[in-house]
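Structure record follows, encoded as structure tokens.
Note that this is a predicted model, so its numbers are computed, not measured. Here is how names work: the chains are called A, B, and so on, in the same order as the sequence lines, proteins then strands, and each is numbered from 1.
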Amino acid sequence: MAAPPLKYKPNPKAPRQALPLLDAHVRAHSADEVALGFTPEQVSVEAQRCLQCAKPTCVEACPLHIDIKRFIARLAEGEFQSAHDVISEQSPFPGVCGRVCQHELFCEDACIVGRKWDPVAIGSLERFAADHARLRMKELAASYPKPTGPKVALVGSGPASLIAAYDLVRWNYQVTIFEALHKLGGVLAYGIPNFRLPREILREEIARLQNMGVEFVVDFIAGKTATLKELMEEGYQAIFIGTGAGLPHMMGIPGENLVGVYTANEFLTRINLMEAFKFPDAPTPVRIGKRTIVVGGGNSAMDAARWANRMGSETTILYRRGRVELKARLEEIEHAEEEGIKFEFLAAPVALYGDENGYVKEIECIRMELGEPDESGRRAPVPIEASRHRIPVDTVVAAIGQAPNPTLQKVTPQLITRRGRILIDEQGETSMPRVYAGGDVVRGGSTVILAMKDGRAAAKAIHDTLSSTPEVQ
Amino acid sequence: MMNRVLAKRELAPLVTLLEVEAPRIQRRWKAGQFIIIRPLESSERIPLTIVDSDPVRQSITMVIQAIGKTTREAVSLEPQALMCDLVGPLGEPATMTTGKNVVCMAGGVGVAELLPVAKAFHEAGNRVVALCGARSDNYRILDTELQAAVDELHWATDDGTYGFHGNVVQLLQSLAGPDTFQEGHVIGPIPMMKAAAEATRGWNMKLHASLNPVMIDGTGMCGGCRVTVGNEVKFACVDGPEFDAHLVDFDELTRRNRAYREMEQEALAHKCRVGLDVR
Ligand SMILES: Cc1cc2nc3c(=O)[nH]c(=O)nc-3n(C[C@H](O)[C@H](O)[C@H](O)COP(=O)(O)OP(=O)(O)OC[C@H]3O[C@@H](n4cnc5c(N)ncnc54)[C@H](O)[C@@H]3O)c2cc1C
Ligand SMILES: Cc1cc2nc3c(=O)[nH]c(=O)nc-3n(C[C@H](O)[C@H](O)[C@H](O)COP(=O)(O)OP(=O)(O)OC[C@H]3O[C@@H](n4cnc5c(N)ncnc54)[C@H](O)[C@@H]3O)c2cc1C
Ligand code: SF4
Ligand code: FES
């Protein structure tokens with residue numbers, strides 16, 4: 001069937017619309033969201049930049065295969081609600097993904113317009129469609145009947161499990177998500193700050209799953225509260241492990257246990273999950289002194305630095321490679337720079353020194369030069385011995401990466417792992433029958449959208465297996 | 001998950017026993033493991049040792065010393081109230097052995113935390129001597145339960161109002177020498193655990209200390225609970241809470257546990273000001 005003719009003429013030459021932002025001076029002291037979102041006028045211009053390609057490469061590039069072309073057409077026509085409906089066919093999380101997905105690596109990288117001009121701002125359009133539909137969330141779910149199919153358990157409530165739940169519940173499975181913490185969302189809840197992803201957006205998109213009949217059990221640690229075997233015995237026909245990569249790497253330098261030295265996970269958990277930015281109105285404190293140094297160059301480093309800065313600390317990011325090697329989302333790097341965070345490239349910490357009470361007070365650094373490419377293809381930093389120097393500091397945050405949390409694996413020796421990561425086959429199945437895995441626990445540190453891709457693939461594999469197994473129907 | 005409080009009993013001034021419904025934890029826990037609770041929606045997450053359980057009532061028991069904001073919130077919960085969050089069992093079970101002379105030492109609220117471990121040692125076929133400390137006679141807790149659980153129980157009180165006049169480590173030194181015990185377990189305030197480690201260094205005895213660093217998630221995710229044991233960094237919530245007492249850097253633990261002291265006092269004062277204090 002041929003697509004109906006367009007009601008407008010695409011105009012890719014129009015300038016890519018800039019996402020309105022909260023003023024850098026205001027946000028330097030605020031937990032409020034930095035990006036304000038497109039205005040309807042901007043949406044009209046931006047959506048009409050899309051060529052409505054016959055073969056939309058963006059849809060192919062999106063790991064969830066959201067029908068980008070079609071939802072953009074709806075937006076261009078001013079049909080904002082129906083744009084959200086189009087996205088919902090593939091994803092119930094446009095509010096989350098519109099904010100934190102690395103569009104520049106996926107759909108926007110593939111966009112045809114980008115070959116000649118700036119690519120269509122797909123992420124910001126997705127976000128607009130989500131924000132517009134927020135008021136309709138409850139009604140969206142009300143039409144779903146209670147699922148009655150086989151029981152499936154999803155371990156961890158990060159993006160991998162969340163998307164798997166969405167697919168499985170639509171196929172009528174009785175889905176339960178088991179989460180170790182007291183709040184849902186995985187890194188979206190404890191790692192990514194409110195100023196990038198307001199918690200009500202996350203809550204509402206998760207609530208949509210709840211309304212569809214997905215059950216959530218918090219305060220449940222698989223492997224501790226119950227084993228996978230026990231879950232199977234309780235009638236779960238398949239299990240998906242989406243426990244993420246929550247084990248922080250330590251710097252391994254002297255002085256690492258001084259007071260005032262945090263892993264990014266602890267620092268961000270205190271502030272995001274326990275809301276230490278409201279202390280003493282929230283009960284959990286965090287120690288932020290006058291000067292903060294954050295070590296690392298990924299999303300965690302940006303997030304930690306931007307929080308420290310917001311809480312009034314003069315903040316520097318110390319990274320052992322150069323600016324082009326930073327691994328965070330481009331937008332976050334730019335926002336960090338605008339907010340006045342300093343960057344020290346080609347430098348690494350070698351030791352920390354404390355005062356007589358054990359509080360960190362100085363960091364010793366060393367300069368690096370870039371040598372031969374390493375196994376990641378990036379030029380490996382080599383220390384320049386003569387360059388050691390000390391800098392006064394009150395708070396140090398180590399954001400140098402993380403590995404899968406070994407808790408479940410430790411009590412489940414049947415799960416084969418390599419360097420802590422759970423091994424899976426093409427279907428996403430682990431070495432245990434009917435136990436699947438995906439997201440960061442399989443990939444190590446990765447991204448929200450790749451975790452979702454894995455969750456979706458596992459849901460499909462679970463469905464294929466269970467729907468062809470007569471005794472579970 | 002909401003968990004119902006089934007019973008509450010004051011054991012000594014500021015020390016309260018809470019029995020809380022927790023069917024899954026009740027089934028799986030082992031001596032030495034702990035839970036993390038958030039008494040109220042607005043509370044911090046704090047770790048507490050599992051002291052006992054009841055398969056019929058599907059419950060676990062904890063004993064709480066109300067020393068700060070969250071512990072006070074916990075003991076303010078009345079029977080039938082719902083505890084906002086309770087997760088576990090966390091950490092590794094206490095190291096067990098069999099056929100040995102074992103000394104179990106505890107002070108203050110640690111006496112409650114010691115009870116399941118002492119019991120487990122006894123049930124595993126060891127001869128168990130418990131040395132327990134309290135500030136004064138009326139601060140002694142769980143005496144009957146301990147009597148029933150071990151071969152020998154001795155008390156030390158700081159003021160001499162009951163049993164040995166002095167602390168637990170002095171009591172140990174008065175009763176035992178390098179070859180009296182082959183294995184030991186100690187739990188309590190850091191200075192006491194440190195003193196116990198020092199007193200037994202060079203004895204022919206392994207001593208396990210159950211550590212109490214500040215914790216947040218309790219799942220190995222944050223590293224806030226890290227301790228140094230024999231020059232290695234360990235996460236107490238997943239690698240512990242029990243470690244070789246002779247290898248633990250107690251001074252570092254003391255410093256790390258003091259990190260938030262002023263802020264905790266501020267939190268307590270803050271709530272008082274706005275009138276939400278729970279006694
Ligand atoms: C600070 C930070 C910022 C980031 N920013 C971005 C970004 O902007 N864009 C982007 O694309 N990616 C970002 N990432 C990466 C991204 O968040 C992760 O790749 C993604 O969240 C992985 O999803 P997941 O579902 O595999 O696991 P997670 O999101 O890690 O969730 C795992 C969940 O499982 C729970 N769990 C663990 N063990 C158990 C158990 N035994 N039983 C029950 N529950 C368990 C954990 O508590 C957690 O809630 C960021 C990461 C961090 C740390
Ligand atoms: C594995 C483990 C098991 C525990 N088991 C028990 C138990 O069974 N019963 C019990 O009463 N307590 C136990 N604790 C200690 C308990 O967790 C703390 O007392 C509690 O976190 C204090 O919280 P708060 O908000 O009431 O006090 P805060 O306001 O946080 O602190 C009040 C005062 O206590 C000190 N303090 C804070 N944390 C600790 C700590 N972890 N240890 C010692 N002093 C601390 C502070 O420096 C401050 O001076 C355990 C701790 C751990 C790590
Ligand atoms: S590739 Fe770009 S121009 Fe083509 S449909 Fe997708 S967003 Fe539109
Ligand atoms: S409490 Fe967070 S790792 Fe132990």
Side-chain angles (χ1 to χ4, degrees), chain A residues 178-183 190-191 216-221 223-227 230 243-252 256-270 273-276 279-287 354 356-359 398 402 405-408 410, chain B residues 1-3 22 24-25 27-29 33 35-38 40-46 69-70 73 84-91 216-228 233 235 238 249 251-260 262-264 266-271 273-274:
Chain A
F178 294 98
E179 167 58 46
L181 297 172
H182 62 271
K183 279 194 188 146
Y190 77 73
F216 288 90
V217 177
V218 294
D219 298 329
F220 183 107
I221 305 178
K224 289 277 183 191
T225 312
T227 60
E230 285 168 316
T243 50
L247 179 74
H249 289 316
M250 304 299 297
M251 294 183 287
E256 192 157 46
N257 289 356
L258 290 165
V259 176
V261 184
Y262 291 100
T263 67
N265 273 4
E266 180 182 359
F267 190 75
L268 291 170
T269 299
R270 281 181 179 272
L273 186 77
M274 305 309 298
E275 305 187 319
F279 184 86
D281 281 333
T284 302
V286 64
R287 287 190 72 93
E356 63 284 0
N357 295 317
Y359 291 18
Q402 46 236 35
N405 189 316
T407 304
L408 176 58
K410 214 155 103 182
Chain B
M1 242 185 313
M2 293 276 194
N3 298 66
R24 285 186 186 275
I25 301 174
R27 237 178 287 152
R28 287 189 56 83
W29 78 286
Q33 288 188 302
I35 50 174
I36 283 195
I37 66 164
R38 238 171 33 120
L40 310 173
E41 176 64 42
S42 59
S43 301
E44 245 188 304
R45 296 170 65 98
I46 59 159
K69 183 163 175 296
T70 320
E73 287 166 349
C84 184
D85 292 281
L86 193 167
V87 60
L90 302 170
I216 307 171
D217 58 298
T219 67
M221 181 267 275
C222 77
C225 63
R226 60 193 188 273
V227 291
T228 302
V233 175
F235 288 7
V238 286
D249 184 341
D251 295 335
E252 179 187 272
L253 179 60
T254 306
R255 290 193 295 268
R256 286 184 64 81
N257 266 17
R258 274 198 206 122
Y260 300 97
E262 305 100 58
M263 297 175 99
E264 279 147 3
E266 188 189 340
L268 207 52
H270 178 75
K271 283 299 176 196
R273 259 201 322 279
V274 296

Close side-chain approach of [X] to [Y], heavy-atom, < 4.5 Å:
X        : Y        : answer
B:Phe235 : A:Leu247 : yes
A:Leu181 : B:Met221 : yes
A:Glu230 : B:Arg24  : no
A:Asn257 : B:Thr228 : yes

A:Val286 portion near chain B, given a 4.5 angstrom heavy-atom threshold: backbone
Structural part of A:Phe279 lying under 4.5 Å from a heavy atom of chain B: side chain
Does any backbone or side-chain atom of [X] lie under 4.5 Å from a heavy atom of chain A? Answer side chain, backbone, both or neither.
X        : result
B:Arg45  : both
B:Thr219 : both
B:Glu44  : both

Residue selection (most heavy-atom pairs with chain A, distance under 4.5 Å) from B:Arg28, B:Glu252, B:Arg255: B:Arg28
side-chain hydrogen bond (donor to acceptor under 3.5 Å, both in side chains) partners for A:Glu266, two or more places apart: A:Arg270
For B:Arg256, all residues meeting side-chain hydrogen bond (donor to acceptor under 3.5 Å, both in side chains), sequence neighbours excluded: none
Pairs of heavy atoms under 4.5 Å with chain B: top-ranked of A:Thr284, A:Val259, A:Thr263: A:Thr284
Donor-acceptor under 3.5 Å (A:Lys224 side chain, B:Gly91 main chain): yes
Shortest non-hydrogen contact from B:Gly220 toward A:Pro248: O-CD, 3.7 Å
